Protein chains: 4
Amino acid sequence: MSIKKPIGPRAQRKADRPGEILDAAFEEFVQSGYVATRVEDIAARIGVTKGTIYFYFETKEKLFEEMIRHVSVPFSDVKAYLQALEGPYAERLKDFIRIVYQRIATDRNSRELLRFMIAEGSRFPHIVDHHYDEFILPLMEALRELFEAGVAAGEFCGSPLTKIPEIALSPALLMSFWMMLFSDRKIFDVEAFIDAHSEILLNGLLRTAPL
Amino acid sequence: MSIKKPIGPRAQRKADRPGEILDAAFEEFVQSGYVATRVEDIAARIGVTKGTIYFYFETKEKLFEEMIRHVSVPFSDVKAYLQALEGPYAERLKDFIRIVYQRIATDRNSRELLRFMIAEGSRFPHIVDHHYDEFILPLMEALRELFEAGVAAGEFCGSPLTKIPEIALSPALLMSFWMMLFSDRKIFDVEAFIDAHSEILLNGLLRTAPL
Amino acid sequence: MSIKKPIGPRAQRKADRPGEILDAAFEEFVQSGYVATRVEDIAARIGVTKGTIYFYFETKEKLFEEMIRHVSVPFSDVKAYLQALEGPYAERLKDFIRIVYQRIATDRNSRELLRFMIAEGSRFPHIVDHHYDEFILPLMEALRELFEAGVAAGEFCGSPLTKIPEIALSPALLMSFWMMLFSDRKIFDVEAFIDAHSEILLNGLLRTAPL
Amino acid sequence: MSIKKPIGPRAQRKADRPGEILDAAFEEFVQSGYVATRVEDIAARIGVTKGTIYFYFETKEKLFEEMIRHVSVPFSDVKAYLQALEGPYAERLKDFIRIVYQRIATDRNSRELLRFMIAEGSRFPHIVDHHYDEFILPLMEALRELFEAGVAAGEFCGSPLTKIPEIALSPALLMSFWMMLFSDRKIFDVEAFIDAHSEILLNGLLRTAPL
DNA sequence: GATGAATGAGTCTTCATTCAT
DNA sequence: GATGAATGAAGACTCATTCAT
């Protein structure tokens with residue numbers, strides 16, 4: 001058991017600096033994009049000056065990359081959650097869909113991460129590749145496994161979805177895209193959308209069509 | 001008998017310049033985004049100098065906006081095509097899907113237009129709104145009408161798709177995103193994807209499930 | 001007697017081009033100063049294009065210099081007028097003053113010429129020197145002669161004005177400055193000013209003080 | 001006991017910078033005028049680079065305006081001086097004249113300020129108005145009061161000068177103008193000029209003409 | 001750790017000038 | 001004579017980055 005000197009609010013603040021900066025950077029980069037964001041604005045957002053940023057991060061470029069890492073929540077818990085699903089496959093799929101909306105489509109961080117990949121992808125190609133390996137691919141694999149297990153269990157029919165699970169999740173991407181572009185300007189009934197998404201998927205999958 | 005001054009090579013060149021510039025601007029803006037693109041690079045791409053660009057366009061901003069207009073193909077012919085569809089609604093829907101992929105998902109211009117809206121939307125909000133009014137909304141309306149007519153004709157069942165046609169086209173958006181992010185790095189069987197998309201939609205719509 | 005082909009309005013216009021340009025240049029240079037005036041604006045003022053200006057004038061600099069020459073009315077007639085003065089010297093002085101106001105202080109051209117010398121003098125030093133030789137010096141000489149003749153005739157007393165005639169005309173310069181700076185914003189009773197000027201001068205000059 | 005951080009050479013330098021820049025700006029603007037002066041030249045004059053100028057002043061325009069303010073010495077002390085005059089009004093007037101020459105006509109700053117108003121007045125109209133309110137008007141009022149007091153005391157006769165005091169000071173303006181245009185090229189006996197100016201004024205004012 | 005004065009490369013934009021038509 | 005497309009040098013202004021304090 002180690003003895004730590006108590007961390008006062010002052011020390012606490014200092015310990016948080018990098019995280020604080022990363023959060024501020026996220027907000028500013030979201031607002032203006034990589035090129036148009038000034039490191040001075042990032043500094044101002046947390047009440048420090050340019051120099052402080054450079055004490056913690058070598059360059060604006062490195063800061064951006066670390067910021068991406070910082071806001072990319074680990075996928076492992078999502079995976080664990082999905083693997084722990086039980087019961088009828090129709091329910092498992094609904095749960096799957098729900099968690100995808102919660103953690104990806106609806107979440108602001110994920111949405112802006114997606115925007116960064118689209119907007120700054122050519123400037124930071126390895127970020128895109130990393131996200132493909134770490135997030136997109138595992139998610140698709142997990143979904144594919146769910147489909148295959150459902151088919152093996154005789155609950156799902158052999159839909160093309162089994163081979164191209166991306167299609168099954170594309171409505172979630174659409175919602176992400178929609179919120180990116182219109183945020184609050186175009187109303188969007190999120191709950192109805194998610195329900196419709198689930199219903200449609202199951203319509204095409206269940207051996208007994210609900211017709 | 002009209003008197004035309006013969007269009008010499010110079011006059012010809014002049015008439016072509018704006019289009020030439022707009023095309024070059026599209027390529028450069030695609031490559032680097034609005035902020036990072038240098039007017040000089042746009043000029044160099046067609047072998048002229050900065051000054052020439054400013055002879056035709058007041059500012060980089062106006063150039064960007066006109067470029068957007070230039071590459072936004074009018075939606076009217078798509079609409080006309082869709083309205084001319086005949087035969088069973090299943091076939092009409094397949095045709096609809098096919099044209100959406102041809103004209104929107106697969107087309108490089110449309111894809112980069114979408115990227116611009118995501119990447120530069122906050123800088124040019126009216127462009128986003130304009131595209132919503134001119135492209136997204138009409139497309140969704142056309143699809144909704146097709147669904148409703150199919151239901152009225154007794155061919156389609158009352159799926160939630162009827163109310164949220166966006167969901168039906170979301171796979172096309174996914175393909176667009178995919179190509180934006182990975183272009184040629186991740187292979188993608190486009191034909192198989194489109195077929196799967198159609199099949200899944202019909203699975204959920206036709207009164208007689210193909211099961 | 002030479003036979004000239006009749007000059008139609010078209011030919012007339014062409015013959016006037018240089019003058020027309022010079023007039024336009026005057027207006028534009030007055031408005032914005034030498035550096036900030038664009039030759040394109042000068043051209044636009046008379047409905048032609050840049051190229052036309054360069055057909056008649058080598059450079060903007062030469063155009064400016066010729067414009068100065070163009071608006072500098074010859075001093076010879078003023079001189080002749082002054083030399084033709086007759087009668088009592090008090091009257092001659094009054095006439096002198098009056099002509100100075102008419103031709104110099106009140107005249108817009110002369111005023112703007114003065115402004116050019118102050119504003120652009122360091123860029124065009126020879127213009128300043130030329131105006132000194134052609135206008136200022138002769139005017140002062142003429143005045144000095146008038147004073148001396150008046151003294152010789154026993155009408156004027158030997159005021160210091162005789163040696164420094166500049167002082168005698170300085171109110172006219174003041175009026176010029178005033179109009180340059182405030183034009184119509186600060187009212188100024190020109191007639192009263194001129195009368196006061198004459199009266200004060202004579203007060204100090206006439207052997208019999210009007211006291 | 002106050003705690004001051006010792007002003008090191010760096011802190012000192014920082015405190016001096018704005019003044020240093022303003023002085024350099026004055027010299028450069030005097031030399032080339034507003035438009036033709038390059039911010040970089042101002043910087044070079046004090047051995048820094050462009051960026052430094054922009055660290056202290058938002059734009060070239062603001063720099064110019066602040067420079068004007070910086071070189072415009074307050075008029076209050078002149079006013080105080082004038083109000084403290086005592087003795088015979090003839091002497092007071094002579095003192096008045098002398099101070100006008102010292103502080104206005106002869107002073108390089110004032111002269112160049114006048115040049116700026118003539119040359120850049122249309123670009124910075126509020127500067128002209130401000131100088132009218134702050135300098136010209138108060139000076140004229142002070143002179144008018146002096147005249148009126150002199151008349152009331154029975155020392156001065158009711159000359160038109162009383163109503164148009166501008167005329168009384170116009171020789172000082174002439175000297176300013178002369179030095180602006182010819183500086184050292186045309187010799188000018190300043191002392192003799194001032195004496196003559198005083199003498200002429202008094203000739204026209206004193207009840208007992210010196211005749 | 002933090003500051004902020006200073007740098008200087010980089011970018012948009014302007015405009016005098018040229019010249020093919 | 002006149003045009004106007006094209007040039008390219010020049011200048012205002014920005015901002016990532018450094019470093020003495």
Side-chain angles (χ1 to χ4, degrees), chain A residues 10-11 13-14 17 35-43 47-63, chain B residues 5-15 17-18 35-43 46-61 63, chain C residues 10-11 13-14 17 35-43 47-63, chain D residues 5-15 17-18 35-43 46-61 63:
Chain A
R10 172 79 163 259
R13 155 152 295 223
K14 290 196 175 175
R17 265 291 136 82
V35 185
T37 291
R38 294 152 9 112
V39 339
E40 194 160 10
D41 291 339
I42 296 173
V48 299
T49 57
K50 283 199 291 278
T52 304
I53 307 292
Y54 282 93
F55 183 79
Y56 292 98
F57 301 92
E58 269 183 82
T59 63
K60 184 183 171 185
E61 205 171 326
K62 294 238 172 96
L63 171 57
Chain B
K5 62 171 97 167
I7 291 188
R10 182 169 180 115
Q12 186 56 44
R13 161 135 299 200
K14 181 206 162 173
R17 266 292 136 80
V35 186
T37 292
R38 292 155 7 111
V39 173
E40 197 159 9
D41 290 338
I42 296 173
I46 56 171
V48 299
T49 58
K50 288 196 287 303
T52 303
I53 306 294
Y54 282 97
F55 184 77
Y56 292 96
F57 300 93
E58 272 183 80
T59 62
K60 184 182 171 184
E61 205 170 325
L63 172 56
Chain C
R10 173 77 163 260
R13 154 151 294 221
K14 290 196 176 176
R17 266 293 138 83
V35 185
T37 291
R38 295 156 3 116
V39 337
E40 193 159 12
D41 291 339
I42 297 173
V48 299
T49 57
K50 282 199 290 279
T52 305
I53 307 292
Y54 282 94
F55 183 79
Y56 292 98
F57 302 92
E58 269 183 81
T59 63
K60 184 183 171 186
E61 206 171 325
K62 293 237 172 99
L63 171 57
Chain D
K5 60 172 102 169
I7 291 188
R10 181 168 181 118
Q12 186 56 45
R13 162 134 298 201
K14 180 207 162 174
R17 266 290 136 79
V35 186
T37 291
R38 293 157 4 112
V39 173
E40 199 160 8
D41 290 338
I42 296 173
I46 55 171
V48 299
T49 59
K50 291 197 285 304
T52 303
I53 307 294
Y54 283 98
F55 184 78
Y56 292 95
F57 300 93
E58 271 182 81
T59 62
K60 184 183 170 184
E61 204 170 326
L63 172 56

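Every chain is numbered from 1, with letters handed out A, B, ... down the list of sequences. Just so we're clear, the structure is a prediction, and the values are computed from it rather than from any experiment.
The side chain of Y54(D) places no N or O atom within less than 4.0 Å of a non-bridging phosphate oxygen (OP1 or OP2) of dT7(E). Put simply, Y56(C) has a side-chain N or O that comes within less than 4.0 Å of OP1 or OP2 on dA2(F).
Atom CZ in R38(C) sits about 14 Å away from atom P in dT17(E), given to the nearest Å. When rounded to the nearest whole Å, the span between CG of D41(D) and P of dA10(F) equals 12 Å. Between the CD atom of E61(D) and the P atom of dC13(F) there is a distance of 8 Å, given to the nearest Å. Between F57(B) atom CZ and dA6(F) atom C1' there is a gap of 15 Å when expressed in whole angstrom units. Atom CD1 in I53(C) sits roughly 14 Å away from atom P in dG1(F) (whole-Å rounding). Between R17(B) atom CZ and dG4(F) atom C1' the separation is 13 Å, expressed in whole Å. Regarding F55(C), its CZ atom lies at a distance of 15 Å from the C1' atom of dA20(E), rounded to whole Å. The distance between atom NZ of K50(D) and atom C1' of dA9(E), rounded to the nearest whole Å, is 8 Å.
If you find the closest nucleotide of DNA chain F to V35(D) and to T49(B), the one lying nearer the 5' end belongs to T49(B). Looking at which nucleotide of DNA chain E each of G47(D) and T59(C) is closest to, the 5′-most match is held by G47(D). Across the interface with DNA chain F, nearest-nucleotide mapping of E40(D) and T52(C) shows T52(C) to be the residue nearer the 5′ end.
To the nearest 0.5 Å, the span separating CD on E40(B) from OG1 on T49(B) amounts to 8.0 Å. For the atom pair I53(D) CD1 and D41(D) CG, the distance stands at 10.5 Å (nearest 0.5 Å). Put simply, CZ on F55(C) and CZ on R17(C) are 11.0 Å apart, with the number rounded to the nearest 0.5 Å.
In this structure dT21(F) sits in a base pair with dA2(E), meeting the Watson-Crick or G-U test at under 3.5 Å.
Side chain of K60(C), nearest nucleotide from dA16(E), dA12(F), dA6(E): dA16(E). Comparing dC12(E), dA16(E), dA2(F) by their nearest atom to the side chain of V39(B) picks out dC12(E). In this structure, the nucleotide among dA6(F), dT3(E), dT17(F) sitting nearest to the side chain of V48(A) is dT3(E).
Between the side chain of K50(B) and the main chain of R38(B), no donor-acceptor pair closer than 3.5 Å is present.
dG1(E) and dT21(F): their P atoms are spaced 22 Å apart (whole Å).
Side-chain contact between L63(B) and I42(B) is present, with at least one heavy-atom pair separated by less than 4.5 Å.
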